[in-house]
Amino acid sequence: MPEAPWRIDTDPDPVACADLLASAFAREPAVSWICGDSASARTHWFRNTLRTHARLAGARRTALVGPDGRLLAAAVLTPPGATPSAGARALWAARTLRHSGPRALGRTLRYLGATEGGAPPGAWTLEFIGVRPALTGRGAGRALLDHVLATSPAPYLTTADPSNVPLYHHFGFATLCETRLGPLTITAMAPFRSRGG
């Protein structure tokens, strides 16, 4: 059997993950609504968000890494009930305001307010999963999501990209609810059955 063109890294660098996700989410509706068309605002937003996330007890980052050591895809998961401290939230807000602007700060807070509390009790949250754009449709995202679902408790997620909903249905997720926020329709999803059971 041929060797896979990638390997799993369960502790990738947060900045490398942020940069990959900023590229992967360039046209994603929620991130576009939050950051606009600015690649700089989007990159700073992801770096700041993942820097804060990395300090959460039990937080996970997982990546597919190519033979050359470059990240090909990345996923970010939050354990049940984990939230940044008040100080960490304040630092995140100040950095977001400074580097991504008031629009990004305000819209992120609105998005979080609209989606907070939707996770089933005890559920992990799949915050982000993204693939280097040049690899879209080549199996990297599927391989990473398969790994995440096989090694993590069934995660809850939200997506504002309607094209993601059928994909997640294929992976065993069910729609819990839809929430309107500005131009977005945010779909909350969780596995409707346990994998392997």
Side-chain angles (χ1 to χ4, degrees), residues 14 17-18 21-22 24-36 41-62 74-130 145 148-149 152-165 167-169 171-192 194:
C17 288
L21 291 168
F25 279 70
R27 291 190 172 91
E28 192 275 337
V31 173
S32 295
W33 179 72
I34 288 168
C35 297
R42 187 174 58 253
T43 298
H44 283 291
W45 184 85
F46 270 105
R47 286 181 178 181
N48 189 29
T49 299
L50 266 62
R51 176 187 295 139
T52 302
H53 183 270
R55 290 182 171 86
L56 290 175
R60 295 184 188 172
R61 290 178 315 284
T62 304
V76 177
L77 291 109
T78 302
T83 57
S85 67
R89 287 192 307 269
L91 185 57
W92 172 87
R95 286 180 174 156
T96 299
L97 182 61
R98 180 173 181 207
H99 296 290
S100 299
R103 168 188 169 148
L105 176 60
R107 289 186 175 184
T108 300
L109 295 174
R110 286 178 58 198
Y111 188 96
L112 292 172
T115 60
E116 220 166 59
W124 282 69
T125 301
L126 178 58
E127 304 287 356
F128 306 105
I129 185 167
L145 186 55
V148 165
L149 293 174
S152 302
Y156 163 85
L157 63 87
T158 61
T159 182
D161 187 341
S163 68
N164 286 342
V165 174
L167 171 76
Y168 289 123
H169 283 159
F171 278 92
F173 285 79
T175 298
L176 301 176
C177 67
E178 290 183 344
T179 303
R180 296 281 304 158
L181 177 63
L184 305 174
T185 299
I186 304 164
T187 304
M189 305 183 83
F192 63 84
S194 66

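What you see is a predicted model, and the numbers here were worked out from it, not measured in a lab.
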Quiz prompt | Stepwise side chain to side chain contact (heavy atoms under 4.5 Å, CB included) check, L21 with L50 | solution = CA-CA 10 Å; L21 291 168; L50 266 62; 4.0 Å; yes
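- The shortest distance between side-chain heavy atoms of T52 and L91 does not fall below 4.5 Å.
- With sequence neighbours excluded, no residue satisfies side-chain hydrogen bond (donor to acceptor under 3.5 Å, both in side chains) with R95.
- Within a 6.0 Å sphere centred on CZ of R89, other residues, nucleotides and ligands contribute more than 12 heavy atoms.
- If you take CH2 on W45 and CG on L105, they are separated by 11.5 Å, rounding to the nearest 0.5 Å.
- Atoms OG1 and CG, from T159 and L126 in turn, are 10.0 Å apart once rounded to the nearest 0.5 Å.
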Using a 3.5 Å cut-off and no angle test, enumerate the donor-acceptor pairs between side-chain atoms of residues 74-85 and protein atoms at least two apart in sequence or in another chain.
residue	atom	partner	partner atom	Å
T78	OG1	H53	NE2	2.8
T78	OG1	E127	OE2	2.7
S85	OG	A88	N	3.1

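- Interatomic distance, I129 CD1 to L149 CG, rounded to the nearest 0.5 Å: 7.5 Å.
- W124 meets the side-chain hydrogen bond (donor to acceptor under 3.5 Å, both in side chains) test with no other residue; sequence neighbours excluded.
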Side chains of residues 27-34: which donor-acceptor partners sit under 3.5 Å, not counting sequence neighbours?
residue	atom	partner	partner atom	Å
E28	OE1	A30	N	2.9
E28	OE1	V31	N	2.7
E28	OE2	A30	N	3.4
S32	OG	A26	O	3.4
S32	OG	E28	O	2.9

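- Aromatic ring orientation, H99 versus H44: parallel (interplanar angle below 30°, classes split at 30° and 60°).
- Partners of S152 by side-chain hydrogen bond (donor to acceptor under 3.5 Å, both in side chains), not counting sequence neighbours, listed by chain and number: R60.
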Residues 113-123 side chain polar contacts: donor-acceptor under 3.5 Å, at least two apart:
residue	atom	partner	partner atom	Å
T115	OG1	Y111	O	3.0

